[in-house]
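Computed from a predicted structure; not experimentally measured. Along the sequence shown, the residues carry numbers beginning at 1.
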Amino acid sequence: MQKYRPEDLHGIHAIVYALFDADERLDRAAMRRQVQACLSCGVHGMAALGLATEVSKLTEAERRTVMDWVAEDTAGKVPLAFTIFGASVAEQTAQLRHAQQAGADWVILQPPTVGTFSAAEYIRFFGRVAQATTLPVAIQNAPAFLGRGLSADEVRELVEQQPNIRLIKGEGPVVEIAGLLERTAGRVSVFNGRGGLELVDNLRAGCRGMILAPDCIDYAVSAYEAWRSGDEAHAECQYREMLPAVVFVMQGVENLLCYGKRLFGARAGIAIHDRAPAQRATPAGVAMVERFAAALGALGEAR
C-alpha cells in the first residue's frame with residue numbers, strides 16, 4: 001500500500017543537486033547535509049535525479065547510489081520522487097525498479113535520451129515503462145530543456161491510456177501550464193519548475209506545487225504556505241524576495257548548475273566542486289552569487 005497517494009502530493013518539493021568533492025566524486029556528507037537543510041526548511045517533498053542532479057553525468061551505479069542516499073536521509077518524512085533516466089525501455093525499467101526498492105513514493109519519467117521521435121512513439125515508450133510499476137507516475141514534459149516533449153492534447157491522450165500516469169512535471173511558462181491544465185481537465189496533477197519563476201501565478205493557474213533546486217527553497221516554501229493560508233500579499237512578498245536570484249540562475253541549465261549550486265552552497269555552508277565538463281564560474285558570477293546569498297541570508301533563517 002502506498003504511503004502517499006497522487007492526490008496527497010502538493011507544495012514545494014526540493015530536487016537535490018549532485019554535490020561532488022574536490023576529486024569529482026559524489027560527496028556523501030554534503031548530499032546528506034543538503035537533504036537535511038531542505039527538510040529543515042519545511043519542504044513538502046524531496047526528489048532527485050532530474051536536470052538539477054546532473055543525471056546525465058552520473059553512471060548507472062551512481063544514480064542508484066543517489067537514490068539510496070536520498071531515501072535514507074529523507075527517511076519517509078515527506079514524499080520522495082526519483083526521475084528515471086535512460087535511453088531505452090529496459091534501462092528505464094531497471095532504474096524504476098531500483099527506485100521502487102529504495103523507497104520512492106512516485107517516479108518521474110523523462111523522454112529517452114536518444115533521437116527525436118513522433119508523439120505516438122513517446123506515448124508508447126512512456127506507457128511501456130509505466131506498466132512496469134504500481135507507483136504513481138509523472139511525465140517530465142520539458143521540451144525547452146530536453147529538446148523533446150508532448151503537447152497538451154498528446155499528454156491528455158497518454159493519461160487516458162495509462163491510468164497510473166497521474167502527474168506532470170512541467171518546465172514552462174504559466175500560460176502553457178494553464179493550457180495543459182485545461183486540456184487534461186483534472187485528470188493529472190501538475191507541478192512546475194523553472195527555478196520558481198512565476199511561482200504564485202502557477203498556483204493561481206492550478207498547479208499543485210513546484211519542484212525546485214534548493215538555492216531559494218525556503219522562500220518558495222514560505223510563499224506557498226502563505227498562499228495556502230490565504231495570505232496572497234505575503235506569498236507575493238516572499239516571491240519578490242527570491243525573484244532576482246531566480247532570474248540570475250535560471251538562464252539555462254548549465255547556468256543553474258554553475259551558479260544556482262553555488263548560491264545554495266553559499267547559503268548552506270557547503271563547498272561546491274564541479275564535475276567536468278561544466279560551465280566554470282567567473283569572477284563576475286561569483287560576486288553576484290555572494291551578493292544574492294547575503295541578501296537572502298543563510299538557508300532556512302526565520303523571515
Side-chain angles (χ1 to χ4, degrees), residues 10-17 33-47 50-53 78 142 144-145 169-174 177 190-205 207-270 272 281 284-303:
H10 70 95
I12 305 301
H13 295 222
I15 186 157
V16 299
Y17 287 118
R33 288 174 61 194
Q34 178 177 204
V35 172
Q36 292 171 341
C38 292
L39 292 173
S40 71
C41 290
V43 295
H44 306 90
M46 290 297 306
L51 296 172
T53 320
V78 294
F145 295 138
K169 168 61 166 68
E171 294 283 359
V174 167
I177 296 299
V190 178
F191 285 77
N192 206 357
R194 293 209 308 160
L197 288 171
E198 303 176 303
L199 190 156
V200 180
D201 282 313
N202 274 286
L203 300 176
R204 290 191 182 105
C207 278
R208 293 286 291 169
M210 309 285 281
I211 302 177
L212 309 175
D215 33 293
C216 296
I217 203 77
D218 47 346
Y219 285 86
V221 168
S222 181
Y224 177 79
E225 291 294 356
W227 171 266
R228 194 179 183 194
S229 69
D231 190 348
E232 187 173 329
H234 188 61
E236 290 281 13
C237 179
Q238 292 299 283
Y239 173 61
R240 285 194 297 271
E241 290 291 320
M242 65 185 273
L243 182 58
V246 173
V247 171
F248 166 58
V249 301
M250 284 306 299
Q251 297 183 50
V253 173
E254 296 305 327
N255 199 74
L256 171 69
L257 298 174
C258 177
Y259 294 116
K261 190 187 289 192
R262 282 171 170 78
L263 178 58
F264 165 73
R267 298 191 65 213
I270 296 175
I272 299 301
V286 170
M288 292 181 73
V289 167
E290 291 172 350
R291 288 197 297 273
F292 285 125
L296 293 167
L299 195 71
E301 283 186 340
R303 59 192 87 262

Notebook entry, point to check: Shortest non-hydrogen contact from Ala293 to Leu263?
Noted result: N-CD1, 3.6 Å
Item checked: Flag side-chain contact, heavy atom, 4.5 Å: Leu39 against Met46 -> yes
Check: Between His44 and Tyr224, what is the ring plane arrangement, given parallel below 30°, perpendicular above 60°, and tilted in between?
Finding: perpendicular
Note to self: Tell me the closest heavy-atom pair linking Arg262 and Ala281, and the distance in Å.
What the structure shows: NE-CB, 3.7 Å
Checklist line | Beyond-backbone contact of His234 with Ser222, side-chain heavy atoms, under 4.5 angstrom | finding: yes
Next item on the list: Say whether Tyr259 and Asp215, considering side chains only, have a donor N or O and an acceptor N or O under 3.5 Å apart.
Entry: no
Next item on the list: State whether the side chain of Glu236 and the backbone N or O of Val200 hold a donor-acceptor pair below 3.5 Å, judged by distance alone.
Entry: no
Notebook entry, point to check: Roughly how far, to the nearest 0.5 Å, is the CD1 atom of Ile270 from the CZ atom of Phe264?
Noted result: 4.0 Å
Notebook entry, point to check: Atom CD1 in Ile12, atom CZ in Phe191: separation rounded to 0.5 Å?
Noted result: 9.0 Å
Margin query: Leu199 and side chain to side chain contact (heavy atoms under 4.5 Å, CB included): which single residue from Arg194, Met210, Gln238 fits?
Written below: Met210
Checklist line | Non-hydrogen atoms of Val43 and Ala14 that approach each other most closely | finding: CG1-CB, 4.1 Å
Next item on the list: Could you tell me which non-hydrogen atom of Cys41 sits nearest to which non-hydrogen atom of Leu299, and how far apart they are?
Entry: SG-CG, 3.9 Å
Notebook entry, point to check: Side chains of Tyr17 and Leu256: does their closest heavy-atom pair fall under 4.5 Å?
Noted result: yes
Margin query: Under a 3.5 Å distance rule, please check whether Asp218 uses its side chain to pair with a backbone N or O of Ser40 as donor and acceptor.
Written below: no
Notebook entry, point to check: Should Asn255 and Met250 count as side-chain neighbours, where that means a heavy-atom distance under 4.5 Å?
Noted result: no
Next item on the list: Would you check, one step at a time, whether the test side chain to side chain contact (heavy atoms under 4.5 Å, CB included) holds for Asn192 with Ile211?
Entry: CA-CA 6 Å; Asn192 206 357; Ile211 302 177; over 6 Å; no
Item checked: Spatial distance of atom OH (Tyr239) from atom CG (Leu197) [nearest 0.5 Å] -> 5.5 Å
Notebook entry, point to check: What distance do Glu241 atom CD and Leu296 atom CG have between them, rounded to the nearest 0.5 Å?
Noted result: 8.0 Å
Check: At what distance, to the nearest 0.5 angstrom, does CG of Leu257 lie from CG of Leu51?
Finding: 8.0 Å
Item checked: Minimum heavy-atom distance between Gly300 and Arg267, given as atom pair plus value -> N-NH2, 4.4 Å
Checklist line | Heavy-atom closest pair, residues Gly193 and Lys169 | finding: CA-NZ, 3.9 Å
